[in-house]
Every structure is written in C-alpha cells, then in structure tokens.
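Note that the numbering runs from 1 along the sequence shown for the chain.
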Amino acid sequence: MDRLKLEESWKERLRQEFEQDYMLTLRAFLLQEKQAGKQIFPAGNDIFNALNATTFENVRVVIIGQDPYHGPGQAHGLCFSVRPGVEIPPSLRNIYKEIAADLGIAPSRSGCLQSWAAQGVLLLNAVLTVESGKAAAHQGRGWERFTDRIIALLNEQGQHIVFMLWGSYAQKKGQIIDRSRHFVLASAHPSPLSASRGFFGNHHFSRANQYLLANAREAIDWRVPDQE
C-alpha cells in the first residue's frame, strides 16, 4: 500500500480492498499477463487516474463506463476519454453533440476529459484494465467488485452527488444508489447503436448543474479545452 500511487483520500477508504483475496488474485493475473508479453491498457501509472484526478470529498458527478479503450494510445484511466491528439471516439462525439444541444457548448476538437475530472467528475470504468485489441478481456477478474466498492462508499459517505447512468450496464451497477441522498440520471448509452433511443435529448448536463446549484454545490463547466 505504501508504494501504491493513489490519492490519499481514496487510499484511506480503499486500503482494506487491496488486502482482499480477490485483489491479490487480480494483481497476480495482471502480472502474469505482462510477463506473458501481453500489452495492457492503460499504462500502469494511469490505471487509477479517475481516482487520482479528484479527491473523494470533491466528487460531484459520477459517470460510469464499462471498460477501457483497447486501441493503442487511447486509454488513460478516464471513461469515455482519450489522450490529447487521439481521434475522438464515436460515443464521446455523441456526448459532445448532446452537450451542444443542451448547453450550447461547441464540441471540442479534443477527446481528453481531464478538465472534467479536475472539477470533481469521477469518470469511472467498471473494469480498469484491458488487453490490447481485445475488448472486455479483463471483465470478471475482480475489477467490478473493486469499483462497486467505490460506488458504495460514495453512496454512503457522499452527499448530493449526481450519478449519470448511461445504458443498462451502468444502470445495473448503480442500483444501490440512495435516491434520497443523490441525484440519479439514467438514459440510453451514447454509443451510435443506441444514442438515438434516449441519450440525445436527455439534458443530463444542464439537469446535473441545476441539482448541484440547488444543493449549494458548484456547477460543472462542461467545456473541454481544444488541446492539440
């Protein structure tokens, strides 16, 4: 734990998770995969980027993804986000379209959402690693239990957090959320396969800010800098 590069407020709350058998098994699996020459995304220093980018106390919005992008140079530990200079993925393009329709913010030329994370938007994938070129390769290895614990801690100890649950997978993962303490926004996933069935027109970004302001919390600036 002392060598783990994890922001202190999260390390304090998740310390016991890293001592559980399932996490030791997961760590051994990842080590074995690397020793076998398999390329794992994101890079080791970015696996916990979502947690390192914002303290526990500063989380205002949670967006739940499924697993990291599996193409070279894409994943950097934030769901739906890619590194600066990388082509914007289709789901994120649709997110930008909804923000433009909802708030009048022109779509960014960058797909890096680090500016959201810095404001307290927890961009949490359910599974934090993936094998290069193999979507969902690390599902069922233990990450889901770890991220369930993160959501449970926010649900129990946080106040007035907005949870954006896009698609059935995220909605199932968010079933434990106490609607009397937090604000849950659910819709179709922004994927091109489903965005027209309820993601477009959901007004989640304006509704999130309205809720935050009504509960004496600062609104999120949903603009994304045009990083080159």
Side-chain angles (χ1 to χ4, degrees), residues 50 53-54 59-71 74-127 130 135-136 139 147 151 154 160-175 177 179 182-215 217-227:
T54 184
V59 173
R60 286 180 276 165
V61 177
V62 179
I63 299 176
I64 299 175
Q66 197 156 347
D67 61 351
Y69 297 120
H70 55 85
Q74 291 181 301
H76 66 125
L78 306 178
C79 72
F80 295 104
S81 179
V82 291
R83 294 184 180 281
V86 175
E87 183 178 357
I88 299 173
S91 290
L92 183 54
R93 287 193 182 278
N94 286 338
I95 291 170
Y96 284 173
K97 286 180 183 178
E98 176 56 26
I99 292 173
D102 188 15
L103 296 172
I105 295 172
S108 175
R109 293 193 298 269
S110 171
C112 181
L113 305 180
Q114 198 77 40
S115 63
W116 291 2
Q119 297 178 74
V121 181
L122 183 66
L123 296 161
L124 183 67
N125 275 316
V127 177
V130 71
Q139 287 186 9
T147 52
I151 294 168
L154 289 166
H160 305 305
I161 295 173
V162 180
F163 289 84
M164 294 184 179
L165 308 179
W166 299 334
S168 59
Y169 184 92
Q171 289 162 25
K172 183 177 180 181
K173 198 168 179 69
Q175 284 178 343
I177 299 163
R179 269 71 169 171
H182 308 289
F183 189 37
V184 174
L185 294 168
S187 78
H189 193 276
S191 161
L193 297 174
S194 57
S196 61
R197 299 201 299 267
F199 180 79
F200 291 137
N202 65 18
H203 300 287
H204 280 188
F205 303 95
S206 61
R207 292 170 67 191
N209 280 350
Q210 289 164 8
Y211 174 82
L212 291 170
L213 291 170
N215 287 280
R217 304 203 73 181
E218 192 174 345
I220 303 296
D221 181 355
W222 294 107
R223 293 174 295 179
V224 175
D226 286 325
Q227 300 162 345

*Asks:* Evaluate the side-chain proximity of Ile63 to Trp166: yes if any heavy-atom separation is below 4.5 Å, no if none is.
*Replies:*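 Side-chain contact under 4.5 Å: yes.
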*Asks:* In Å, rounded to the nearest 0.5 Å, how long is the span from NZ of Lys172 to CG of Leu165?
*Replies:*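 With rounding to 0.5 Å, NZ (Lys172) is 14.0 Å from CG (Leu165).
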*Asks:* Under 4.5 Å between any side-chain heavy atoms of Pro89 and Phe80, yes or no?
*Replies:*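 They are not in contact (no side-chain heavy atoms under 4.5 Å apart), so the answer is no.
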*Asks:* Between Gly201 and Glu98, which heavy-atom pair has the shortest distance, and what is it?
*Replies:*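 Gly201 and Glu98 have their closest heavy atoms at N-OE1, 2.6 Å.
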*Asks:* Could you tell me if the side chain of Phe163 sits less than 4.5 Å from the side chain of Leu154, heavy atoms only?
*Replies:*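 Yes - at least one pair of side-chain heavy atoms lies under 4.5 Å apart.
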*Asks:* Would you say that Tyr211 contacts Arg217 through its side chain, given a criterion of any heavy-atom pair below 4.5 Å between the two side chains?
*Replies:*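 Contact flag for Tyr211/Arg217 side chains = no.
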*Asks:* Hey, does Val224 have a side-chain heavy atom less than 4.5 Å from the side chain of Tyr96?
*Replies:*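 In short, these two side chains touch, coming nearer than 4.5 Å.
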*Asks:* Say you draw a straight line from CG of Leu92 to OG of Ser110; how long is it, rounded to the nearest 0.5 Å?
*Replies:*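 The distance works out to 8.5 Å.
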*Asks:* Provide the closest heavy-atom pair for Asn209 versus Ile220 in the form atom of the first, atom of the second, distance.
*Replies:*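 Between these two residues, the closest heavy atoms are OD1-N, 2.8 Å.
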*Asks:* Check side-chain hydrogen bond (donor to acceptor under 3.5 Å, both in side chains) between Ser194 and all other residues, then give those that pass, not counting sequence neighbours.
*Replies:*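 With sequence neighbours excluded, Ser194 shows a side-chain hydrogen bond (donor to acceptor under 3.5 Å, both in side chains) to no residue whatsoever.
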*Asks:* Can you name the closest pair of heavy atoms from Ser206 and His203 and give their distance?
*Replies:*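 Scanning both residues completely, I find the closest heavy atoms to be OG-O, 3.2 Å.
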*Asks:* Among residues at least two apart in sequence or on other chains, which ones pass side-chain contact (heavy atoms from CB on, under 4.5 Å) with Ala136?
*Replies:*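 For Ala136 the side-chain contact (heavy atoms from CB on, under 4.5 Å) partners, ignoring immediate neighbours, are Asp67, Gln139.
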*Asks:* Apply the test side-chain contact (heavy atoms from CB on, under 4.5 Å) to residues Val61 and Leu212: give CA-CA distance (whole Å), side-chain angles for both, the deciding distance (0.1 Å), then the verdict.
*Replies:* CA-CA 9 Å; Val61 177; Leu212 291 170; 4.1 Å; yes
*Asks:* Who are the ring-ring contact (aromatic ring centres under 6.0 Å, His included) partners of Tyr69, not counting sequence neighbours?
*Replies:*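 Counting only residues at least two positions away or on another chain, Tyr69 forms no ring-ring contact (aromatic ring centres under 6.0 Å, His included).
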*Asks:* About how many Å separate CG of Asp102 and CZ of Arg207, when rounded to the nearest 0.5 Å?
*Replies:*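 Here the interatomic distance stands at 9.5 Å.
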*Asks:* Table please: side-chain donor-acceptor pairs of residues 117-126 below 3.5 Å, with sequence neighbours left out.
*Replies:*
{"from": "Gln119", "atom 1": "OE1", "to": "Asp221", "atom 2": "N", "distance (Å)": "2.8"}
{"from": "Gln119", "atom 1": "NE2", "to": "Ser115", "atom 2": "O", "distance (Å)": "3.2"}
{"from": "Gln119", "atom 1": "NE2", "to": "Asp221", "atom 2": "O", "distance (Å)": "2.9"}
{"from": "Asn125", "atom 1": "OD1", "to": "Gln66", "atom 2": "N", "distance (Å)": "3.3"}

*Asks:* Would you compute the distance between atom CH2 of Trp222 and atom CD1 of Ile105 and round it to the nearest 0.5 angstrom?
*Replies:*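 Separation between the atoms: 9.5 Å.
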*Asks:* As an exercise, state the distance from CZ of Phe205 to CG of Leu103, rounded to the nearest 0.5 Å.
*Replies:*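 Interatomic distance, Phe205 CZ to Leu103 CG, rounded to 0.5 Å: 8.0 Å.
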*Asks:* According to the side-chain hydrogen bond (donor to acceptor under 3.5 Å, both in side chains) rule, which pairs have a member within residues 76-95, sequence neighbours left out?
*Replies:*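 Pairs touching residues 76-95 that pass the test: Asp46-Arg83, His76-Ser81.
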*Asks:* Show me the donor-acceptor pairs within less than 3.5 Å that the side chains of residues 184-192 make with the rest of the protein, sequence neighbours left out.
*Replies:*
{"from": "Ser187", "atom 1": "OG", "to": "Asn202", "atom 2": "ND2", "distance (Å)": "3.1"}
{"from": "His189", "atom 1": "ND1", "to": "Ser191", "atom 2": "N", "distance (Å)": "2.9"}
{"from": "Ser191", "atom 1": "OG", "to": "Leu193", "atom 2": "N", "distance (Å)": "3.1"}

*Asks:* For the residue pair Thr147 and Lys173, establish whether any side-chain heavy-atom pair is separated by less than 4.5 Å.
*Replies:*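 Heavy-atom side-chain distance check passes, below 4.5 Å.
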